[in-house]
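Taking it in order: structure first as structure tokens, then the write-up.
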Protein chains: 2
Amino acid sequence: MRRDVTLREVAQLAGVSSRTVSNVVNGYANVTEPTRARVMRAVEQLGYRPNVLARNLAQGRSGQIAVVVPYLDTPYFSELLQGIIRAARMQGYNVLIDQTDGDPDHERMLISHGRSRLLFDGVIFSPLGLDQQALADHDPSLPLVILGERVSQGTFDHIGIDDVAASRQATEHLLDLGRRRLAAIGDQPYPTGEAAQLRTRGFCEAHERRGVTVHEELVIATPRFNRVDGAGAMRHLLDLPDPPDAVFCYSDLVALGAMHVLAARGLRVPEDVAVIGYDDIEDGAYSNPPVSTISPDKEMIATTAVERVLLRIASRTPLPGRELRAPHRLVVRESTVGRGAASRAG
Amino acid sequence: MRRDVTLREVAQLAGVSSRTVSNVVNGYANVTEPTRARVMRAVEQLGYRPNVLARNLAQGRSGQIAVVVPYLDTPYFSELLQGIIRAARMQGYNVLIDQTDGDPDHERMLISHGRSRLLFDGVIFSPLGLDQQALADHDPSLPLVILGERVSQGTFDHIGIDDVAASRQATEHLLDLGRRRLAAIGDQPYPTGEAAQLRTRGFCEAHERRGVTVHEELVIATPRFNRVDGAGAMRHLLDLPDPPDAVFCYSDLVALGAMHVLAARGLRVPEDVAVIGYDDIEDGAYSNPPVSTISPDKEMIATTAVERVLLRIASRTPLPGRELRAPHRLVVRESTVGRGAASRAG
DNA sequence: TTGAAAGCGCTAACAA
DNA sequence: TTGTTAGCGCTTTCAA
């Protein structure tokens, strides 16, 4: 390892103390212009670059936030991640990525007291395997922002869209098109499936509001929100004696998987079966047909998450947990209204 | 910030020196069993967790590798990233993500002398904005592994598939189906477009081998390999007086964009136009119709990249640059052979 | 405004 | 096998 230029060497060359160099480099305090110039010259001459590690050790922080997601190759997360990285970088923070595969032990570890210290100053976390209680057990000294649907117990922030309202809106869209046998793919009737349950609730509420009966047997549970599960559920639905004429999918990936099966069976979307998704990932806009969906404001979710976690990091005293809502909108495409009729709605 | 338990405190409680605790914690050297047990007990009792930052500073390394990609929401990269993160973690390394948007200055900065020191020990880099020469100018003391098509100048490793052979294979597949007016979407006839140019070369070689003339006007250049560019190029091709009967797309995203336009124009895939992509992203397998593609061995690329960068980090002396080839295979799906006939080929 | 010096918590060379 | 101790490079308190 090549010996690096240190602060001390710069100080020596400039004929000042290392304290002064530190001040100059960080733009701190009051340094007279001539001193500043002298130091800067020495910095240039030696090609000095601050050692981030040393700085962080001295400051007791790592300058990094961790972003923890279950799966990186889920388009929704990678799209979100882009915004998070951008926002964090703007504040001088680096982003460490972790992928848990939904493993509860791994997830627990990351937010527990037992995690390795100073690797990251805060966490933006999209939990999959942890339920309410496990989340509440997190190290209270760790600034934590949760994405998706987990109600805060007051020790961390939570940001997400209004899942019930959004799902209601998607379902009402299908009902308003005259569909009456609606299926829902993605329910998760167990403690870690909160997000899914909220969507199911919205699904039911829409039926109530329109005075239509929910067909319970058409509400299909799936362990994940991916294409494979969507395809499997769709196959099951089509094998039913009385299959649905519309499907509300709890993610766009599920919708794409479902549409894949519909195409394979020779059924037309939306003529035979209308399909609506959730997340507004780019794939959905380019699928055949393009898929209607609920579009959460990802840019806002990303920037707000970063903003909040940095706020918590900066705060000396633990901040009370906050519930933050990002806006969403219904995006109508061909998978529900057919060619030519597709447009956008609020 | 809560005062943390330090090595020294553990040493005190255990009645040994900090040196010994360090040895125990890191599993170094020879420590007698009773001593070890005593130390471990103290560790447990105090809830001691090593401070990664301090360790790294003392060791002069950061324990992190940076993975630099142009765009995170490109499925190919997020799929690759999964493997990289997994492999790195297995070796005790964390992964720092950076996204350059293809900005040459940003890219240059990351591998130059001027980068911030010790933030990462090595880089796995997929350059977009930098040409051969700019890459050659990287800080030679920085362990560097390049993904994609950039020939190493001997100071870094490069790993990728054989683009020419793969493209030839894809093109031959189209020709062997009897198609004769083949288009290619994704050429990039400028210094940073090496990968694209190699694919164009394979495209031409296939024509030669089969004794078919290349239709130059059907080779379309695009700045990026995404859906939008694929859609735009396809529109252009369809507006030609004599449109193609098959399209070789330089990425699956391009293929999906192209197929989107074909569907919108009421053309059938593959009956009217056969389409083949490149990368084998998951979307391609679930599109309608599923898209034939060149499938690089992503898992192997990921693990090899990590392996090589760690090797370079570990080596005291700079290792000579190596060219590494990952295997690929042709995956035949409905977008070229139609329903029912799709299968896999080596 | 600037200097001297004590840490930040850990590793590792040197000694015992 | 274990202890002593001098760094790693920077920040920051205290004093001047």
Side-chain angles (χ1 to χ4, degrees), chain A residues 1-40 42-43 46-64 92 115-121 316, chain B residues 1-40 42-43 46-64 92 115-121 316:
Chain A
M1 170 93 63
R2 197 173 90 269
R3 267 279 292 108
D4 277 318
V5 181
T6 74
L7 200 65
R8 197 193 313 281
E9 298 175 71
V10 175
Q12 223 145 37
L13 179 61
V16 299
S17 81
S18 56
R19 161 70 198 263
T20 303
V21 177
S22 177
N23 280 342
V24 170
V25 170
N26 295 297
Y28 284 170
N30 311 318
V31 183
T32 52
E33 193 41 41
T35 315
R36 220 188 69 81
R38 205 142 35 90
V39 171
M40 285 310 282
V43 165
L46 267 45
Y48 169 75
R49 302 263 88 201
N51 180 319
V52 199
L53 238 52
R55 167 182 301 168
N56 290 341
L57 177 60
Q59 289 184 153
R61 47 152 248 167
S62 71
Q64 300 188 143
R115 70 183 190 285
S116 49
R117 274 160 42 203
L118 276 194
L119 198 51
F120 41 81
D121 301 329
R316 313 292 305 151
Chain B
M1 170 90 64
R2 198 173 88 269
R3 267 280 291 110
D4 278 318
V5 181
T6 75
L7 199 66
R8 198 192 313 280
E9 299 176 69
V10 175
Q12 223 147 37
L13 179 61
V16 299
S17 81
S18 57
R19 162 71 198 262
T20 303
V21 178
S22 177
N23 280 341
V24 171
V25 170
N26 295 296
Y28 284 170
N30 313 317
V31 183
T32 51
E33 193 41 42
T35 316
R36 222 188 67 81
R38 205 140 36 91
V39 171
M40 286 310 281
V43 165
L46 268 45
Y48 169 76
R49 303 262 89 201
N51 179 319
V52 199
L53 238 50
R55 166 182 301 166
N56 290 340
L57 177 60
Q59 288 185 153
R61 47 152 248 167
S62 73
Q64 300 187 144
R115 70 185 190 284
S116 50
R117 275 160 40 205
L118 278 194
L119 198 51
F120 41 79
D121 301 329
R316 314 290 306 149

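Letters go in sequence order (proteins before strands), and every chain restarts at 1.
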message: Can you tell me whether the side chain of Arg19(A) and the base of dT1(C) have a donor-acceptor pair closer than 3.5 Å?
response: no
Just N and O in the side chain of Thr32(B): are any of them under 4.0 Å from OP1 or OP2 of dT2(D)?
yes
Taken to the nearest whole Å, CG/Asn51(B) to P/dG7(C) is 17 Å
Against the side chain of Thr6(A), the closest entry in dG9(D), dT5(D), dT11(D) is dG9(D)
Of the listed dG3(D), dC10(C), dG9(D), the closest approach to the Thr20(B) side chain comes from dG3(D)
In whole angstroms, the gap separating C1' of dG7(D) from CZ of Arg55(B) amounts to 17 Å
Computed from five pairs at either end and rounded to 10 degrees, the angle between the axes of the helix from dT1(C)-dA16(D) to dA16(C)-dT1(D) is 30°
The correct set of residues in residues 10-17 of chain A placing a heavy atom under 4.0 Å from DNA chain C is Gly15(A), Val16(A), Ser17(A)
*asked:* Checking the side chain of Arg61(B) only, and the main-chain atoms of Asn56(B) only, is there a donor and an acceptor separated by less than 3.5 Å?
replied: no
* To do: Could you verify whether a donor N or O on one side chain and an acceptor N or O on the other, from Asn23(A) and Arg36(A), lie under 3.5 Å apart?
  => no
Q) Should Arg49(B) and Val5(B) count as side-chain neighbours, where that means a heavy-atom distance under 4.5 Å? A) no
Among dC10(D), dC10(C), dA5(C), the one nearest any side-chain atom of Ala54(A) is dC10(D)
Q. Can you check whether Thr35(B) has a side-chain N or O nearer than 4.0 Å to OP1 or OP2 of dT2(D)?
A. yes
To the nearest angstrom, the CZ-P distance between Arg61(B) and dG9(D) comes to 16 Å
Taking dT5(D), dT11(D), dC8(C) as options, the one with an atom nearest any side-chain atom of Leu57(A) is dC8(C)
If only side-chain N and O atoms of Asn23(B) are considered, is one of them under 4.0 Å from the OP1 or OP2 phosphate oxygen of dT1(D)? no
The nucleotide from dG3(D), dA12(C), dC10(D) with an atom nearest the side chain of Gln59(B) is dA12(C)
- Query: Is the distance from OP1 or OP2 of dT11(D) to the nearest side-chain N or O of Asn26(A) less than 4.0 Å?
  - Reply: yes
